[in-house]
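Heads up: the structure comes next, in structure tokens.
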Amino acid sequence: MILYYIRHGDPIYNPNQLTPLGERQAEAVAKRIAVHGIDRIYTSPSNRARQTAEPLCQITKMSPEILEWSDEDRLFLEMAQLDTDGRKQWPFRHSVYRNLLNSREVQDLGRLWYTHPKFADIGVGPAIERIQREMDDFLESLGYKHDLENSCYQQLRENNDRVAFFAHEGIGVAILSCILDIPYPMMSTRYDMTHTGVTVIQFEEKFGSVIPQVLTFSNDSHLYREGLPTKHQNRIYY
């Protein structure tokens, strides 16, 4: 199985929709993914994610399946904390919690990083455990049962599908952390996703187990091909 995780296009968060640039980005990524065919399309319930998936749905004449659990706004309410400027921020963007995520005392806790007293106090554990549970159930429905103890998957049935999942960055680092068994503190502070960035993960059984491999992360080659700006997060060209 090939899993494409795609962040939504350039957004306006209020109201929740794509900008004209975001709409062009969505068209570009649809062409890129449709080249080799796609078998299933999933999307977050958020309007900006659904709008990003729409051009691919039109090309393939497929209807997306909405994954209600992947609503980023819900996770933001569960995890975000007030920063010194009075705005709520994800822990990985927070002036205090970002540094704490990178501390040795938190890193040494691995998967259970949220049991650290300072994170336990703000109650992020249940949210992370929910995403892990939902993501594991989702992958099991596709034929891959998560073996958390050994950080791999058991293949329940052969699956050669190409699967597109349109969602977000904030919840995306949590989702990819769960899929790849990379602790959230490491994933969230070191990996950044651009608008319509495509992360491709291959699930292939070898030697009796499946260890997902990232073939490309937040790739934006479709933007370059269509002559659109390759400005990461609207902040920096590379």
Side-chain angles (χ1 to χ4, degrees), residues 1 3 5 7 42 44 67-84 87-156 165 167-193 197 199 201-214 217-218:
M1 182 180 78
L3 175 65
Y5 185 89
R7 188 189 178 193
Y42 297 90
S44 144
L67 299 178
E68 295 292 343
W69 61 266
S70 65
D71 180 9
E72 182 172 76
D73 293 342
R74 175 183 172 185
L75 189 66
F76 185 76
L77 288 173
E78 292 171 331
M79 294 190 70
Q81 301 297 315
L82 281 177
D83 210 337
T84 53
R87 294 194 306 164
K88 281 196 167 186
Q89 297 281 9
W90 292 101
F92 60 86
R93 290 209 178 110
H94 194 281
S95 60
V96 173
Y97 293 110
R98 183 176 186 274
N99 291 330
L100 184 59
L101 285 168
N102 281 279
S103 68
R104 177 52 54 193
E105 57 187 312
V106 169
Q107 297 275 341
D108 285 347
L109 292 170
R111 188 191 303 279
L112 297 178
W113 62 273
Y114 50 82
T115 62
H116 185 281
K118 289 186 179 178
F119 285 114
D121 285 347
I122 61 175
V124 297
I128 290 295
E129 289 174 348
R130 175 177 66 82
I131 297 301
Q132 180 75 68
R133 186 169 57 252
E134 296 282 9
M135 194 65 227
D136 286 350
D137 288 346
F138 173 62
L139 287 175
E140 188 164 346
S141 75
L142 297 175
Y144 300 95
K145 185 174 179 58
H146 202 172
D147 180 353
L148 284 164
E149 187 67 26
N150 295 298
S151 297
C152 66
Y153 293 77
Q154 298 303 314
Q155 182 170 289
L156 303 178
F165 183 1
H168 312 266
E169 180 194 31
I171 195 172
V173 289
I175 285 172
L176 294 180
S177 166
C178 295
I179 295 174
L180 301 171
D181 292 306
I182 297 175
Y184 178 86
M186 186 71 71
M187 191 81 217
S188 66
T189 59
R190 287 167 171 77
Y191 292 86
D192 202 21
M193 299 180 195
T199 298
I201 305 173
Q202 182 182 30
F203 290 74
E204 182 181 16
E205 185 177 41
K206 292 181 179 180
F207 314 116
S209 66
V210 177
I211 300 175
Q213 289 193 310
V214 178
F217 185 86
S218 194

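Dense packing is recorded around CD of Glu129, with more than 12 heavy atoms of other residues, nucleotides or ligands lying under 6.0 Å away. For Leu142, the CG atom is densely surrounded, since the number of other residues' heavy atoms within 6.0 Å is greater than 12. With a 6.0 Å radius and a threshold of 12 heavy atoms from other residues, nucleotides or ligands, Arg98 has its CZ atom at or below the threshold. Around atom CZ of Arg190, more than 12 heavy atoms belonging to other residues, nucleotides or ligands sit under 6.0 Å away.
Atom NE2 of residue His116 and atom CD of residue Glu105 lie 3.5 Å apart, to the nearest 0.5 angstrom. Put simply, CG on Asn102 and CE on Met186 are 7.5 Å apart, with the number rounded to the nearest 0.5 Å. For the atom pair Gln154 CD and Lys145 NZ, the distance stands at 10.0 Å (nearest 0.5 Å). Of the inter-residue distances, the one linking Lys88 atom NZ with His94 atom NE2 reads 10.5 Å to the nearest 0.5 angstrom. Taken to the nearest 0.5 Å, the CD1 atom of Ile201 stands 4.5 Å off from the CD1 atom of Ile179. Note: Cys152 SG to His146 NE2 = 7.5 Å, rounded to the nearest 0.5 Å.
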Determine, step by step, whether Glu169 and Asp192 satisfy the side-chain contact (heavy atoms from CB on, under 4.5 Å) criterion, reporting the C-alpha distance in whole Å, the side-chain angles of both residues, the deciding distance to 0.1 Å, and the verdict.
CA-CA 8 Å; Glu169 180 194 31; Asp192 202 21; 2.2 Å; yes

Checking Asp181 against Leu148 for the side-chain contact (heavy atoms from CB on, under 4.5 Å) test, could you report, in this order, the C-alpha distance in whole Å, the side-chain angles of both residues, the deciding distance, and whether it holds?
CA-CA 8 Å; Asp181 292 306; Leu148 284 164; 4.1 Å; yes

Verdict with reasoning, Ser209 to Asn150, per side-chain contact (heavy atoms from CB on, under 4.5 Å)
CA-CA 10 Å; Ser209 66; Asn150 295 298; over 6 Å; no

Set out, in order, the CA-CA distance, both residues' side-chain angles and the distance that settles side-chain contact (heavy atoms from CB on, under 4.5 Å) for Trp113 and Ile128, then state yes or no.
CA-CA 10 Å; Trp113 62 273; Ile128 290 295; 3.6 Å; yes

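Residues Ser70 and Ser44 approach most closely at OG-CA, 3.2 Å, considering heavy atoms. Scanning all heavy atoms of the two residues, the minimum distance from Leu156 to Glu140 falls at CD1-CG, 3.7 Å. The two atoms that bring Pro212 and Val210 nearest to each other are CD-O, 3.7 Å, heavy atoms only.
When side chains are defined from C-beta on, Met193 counts as touching Leu176, because their heavy atoms get closer than 4.5 Å. Within the 4.5 Å cutoff, the side chain of Leu75 has heavy atoms near those of the Trp90 side chain. Taking 4.5 Å as the limit, every side-chain heavy atom of Pro183 sits out of range of all side-chain heavy atoms of Gln107. Pro126 places none of its side-chain heavy atoms less than 4.5 Å from the side chain of Glu78.
At least one donor-acceptor pair under 3.5 Å links the side chain of Glu72 to the backbone N or O of Ile171. The closest donor-acceptor contact from the side chain of Ser177 to the backbone of Tyr184 lies under 3.5 Å.
A tilted orientation is assigned to the rings of Tyr144 and Phe203, their planes being inclined by 30° to 60°.
The ring pair (Phe, Tyr, Trp, His ring centres under 6.0 Å) check on Phe165 picks up Tyr5, Phe138, with sequence neighbours excluded. Evaluation of the side chain to side chain contact (heavy atoms under 4.5 Å, CB included) rule for Ile122 yields Gln81, Tyr97, Phe119, Val124 as partners, not counting sequence neighbours.
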